[in-house]
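Take a look at the structure below.
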Amino acid sequence: MLQRSRPSSARARLSRASRADIAAAVVAVALIGIAAVVGGLLYLAGRPVQASSPPFYAHWLPHIGPGTPLALAVAVLVVWQGPKLAARLAWRSLLVAAYAAAVAWTLSLALVDGWQRGIAGRLTTKPEYLHEVPGVTDVPAMLRGFAARILDFQPDSWTTHVSGHPPGALLVFVGLDRIGLAGGGWAALTCVLAGAAAAVAVPETVRLLSGGGDGRLATGWRRGTRGSVAVAEPTEAARAAVPFAVLFPGAVWVGASADGLFAGVAAVGVMALARGLTRRAPVSAFFGGVLLASALYLSYGLTLLAPLVLAVVVLARRWRPLLLAALGGGAVVAVFTASGFWWWDGYQLVVERYYQGVASDRSYGYWVWANLAAFTAAAGLAAAPILRRAVLGRPSTPQRLLPLAAMVAVLAADLSGLSKAEVERIWLPFSVWLAAGAVLLPPPSRRGWLIVQAATALLVNHLLLTSW
């Protein structure tokens, strides 16, 4: 009797955990729905929340486009074959396939809006970076005078996105222009190609921090339970993350926005640091420091990468390579400072500029929770059960700590009041890391959650015309 009751008890625990996962996703859907209803009611009451389709910065416009069949095809292929390939392919081949699939997924979603509206024209509007590129004829002079042009209501004030970020972001697009890749098409493709790198960086970081070798699965599954969380082989954790990193719903905003570029740079920086700490690879540690410091000169908000970096350090349990990372990061800071741009001055002026614009009319009381609804759509509904299991689990593993560290960053940004609306785009560098916890989902349910992730992106992109 005792032997028969154990499998039955295990099945009952698994069933309860699965019901709790579904309940978590339902709560996430309800949060999005409530944010939409409350936002609409506030508009009717004469207290607009300053977002056309709250909680999203977008316009309600059900539509299809040339990217629709492509996006459906990519989604079906990844859901159908992704888990099998993730289990069988050699690790490097898998990462190459993942990157190609992520590029295809992102481009196909962008093409739902057509080439001009969805890709080539996204970064050419007046608030965007390319509007300022023709005026940058002297890069050193631009860097020296950058901070003086941040505040609004001046004859030479930077346009919205340029003023809201350090000069590194503008320099990327100036650089593309200088090497002959001018225009919105090349700029958008750069953002897509960079953003898709997160589909490689996230699972590779999990592998490195899990102590995995070539990432091949052992025969069969080794499972135990700590609370309601499955404890998986380290290499399984990395492989399970791959399809989820590919079908990232936030790809709707990666293609094409500069924040997609920021997400890719930041993710590769975290990955390089993880490699430097776990493989005694000094070049990787130095390169990780360069990329992470460069991220700070792309977006002030990427200082909140600190929880992710701390999680990597804690999991790697090595400290000496941090000196090389600090050297690489210090070199980036030194170059910008010597060129005349002091990061802290820029940050203080950006906070002032933030409240010169629409942010002063956006209610903190609404956006402090509605932001989380927009973030949920970008991370995908599977993020809800992943976070539930990460919180309840006990082992300090990458699949737990990386999603939790990303959520710490998101909550800090949310409570600061410096992110009110548009966070489905702004928080991409953090939402990509929720895929790291995919292995926490029971294997039989993963394909179903992949379908949910793909459906989330497809619904958002076909019902809304996103502004980024």
Side-chain angles (χ1 to χ4, degrees), residues 21-36 53-58 60-65 67-68 70-80 82 101-102 104-113 118 195-196 198-199 202 241 243-255 257 259-260 263 370-388 403 406-407 410 422-425 427-428 430-438 441 445-466 468:
D21 288 344
I22 294 171
V26 169
V27 170
V29 172
L31 178 63
I32 296 171
I34 293 169
S53 297
F56 304 106
Y57 195 76
W60 176 260
L61 183 66
H63 64 291
I64 61 174
T68 298
L70 298 174
L72 287 169
V74 173
V76 168
L77 284 172
V78 174
V79 170
W80 176 37
W105 176 238
T106 306
L107 282 176
S108 63
L109 288 171
L111 286 170
V112 169
D113 298 330
V202 170
F244 285 85
V246 169
L247 288 186
F248 172 50
V252 170
W253 295 277
V254 171
S257 73
D259 292 86
N371 277 344
L372 299 178
F375 169 78
T376 298
L381 298 180
I386 286 172
L387 286 170
R388 185 191 78 81
M407 278 309 301
V410 164
E422 307 173 51
V423 298
E424 60 270 29
R425 166 185 62 83
W427 291 349
L428 287 173
F430 311 118
S431 56
V432 296
W433 290 97
L434 275 295
L441 301 170
S445 72
R446 289 178 197 160
R447 184 170 272 110
W449 287 114
L450 273 175
I451 293 172
V452 170
Q453 294 293 85
T456 300
L458 291 168
L459 281 172
V460 168
N461 218 38
H462 285 85
L463 294 177
L464 300 174
L465 177 61
T466 58
W468 314 107

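Keep in mind that the numbers below use all heavy atoms, side chains included, and drop hydrogens, waters and symmetry copies. Everything numeric in this text was worked out from a predicted model, so none of it was measured.
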Non-hydrogen side-chain atoms of [X] and [Y] separated by less than 4.5 Å:
| X | Y | result |
| --- | --- | --- |
| T376 | V29 | no |
| L434 | F375 | yes |
| L441 | F244 | yes |
| P403 | W433 | no |

Test of understanding: with side-chain hydrogen bond (donor to acceptor under 3.5 Å, both in side chains), list the residues that count as partners of [X], not counting sequence neighbours.
| X | value |
| --- | --- |
| D21 | R388, R389 |
| T68 | H462 |
| E422 | R362, R425 |

Holding to side-chain contact (heavy atoms from CB on, under 4.5 Å), I want the full list of residues that pass it with [X], two or more places apart in sequence or in another chain.
| X | answer |
| --- | --- |
| I22 | V26 |
| V452 | L381, W449, T456 |
| A457 | W105, L109, P249, V252 |
| L61 | H63, R117, L465 |

Can you see which heavy atom on [X] is nearest to which on [Y], and at what distance?
| X | Y | result |
| --- | --- | --- |
| A101 | V74 | O-CG1, 4.2 Å |
| L428 | S257 | CD1-OG, 4.4 Å |
| A24 | A384 | O-CB, 3.5 Å |
| P55 | A374 | O-CB, 3.6 Å |
| V254 | G195 | CG1-CA, 3.8 Å |
| A199 | A102 | CB-CB, 3.6 Å |

- Query: How many angstroms lie between atom OG of S445 and atom CD1 of I451, to the nearest 0.5 angstrom?
  - Reply: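 One finds 11.0 Å between OG of S445 and CD1 of I451.
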- Message: Just checking I64: does its CD1 atom have more than 12 heavy atoms from other residues, nucleotides or ligands closer to it than 6.0 angstrom?
- Response: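 Result for CD1/I64: open.
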Check whether [X] reaches the backbone of [Y] with its side chain - one donor and one acceptor, N or O, closer than 3.5 Å.
| X | Y | result |
| --- | --- | --- |
| E424 | Y57 | yes |
| Q453 | A379 | yes |
| S431 | A378 | no |

- Query: Aromatic rings W253 and F56: how do their planes relate, parallel, tilted or perpendicular, breaks at 30° and 60°?
  - Reply: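 The rings of W253 and F56 lie parallel, inter-plane angle below 30°.
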- Pair N371-W427, side chain to side chain contact (heavy atoms under 4.5 Å, CB included): steps then yes or no: CA-CA 10 Å; N371 277 344; W427 291 349; 3.8 Å; yes
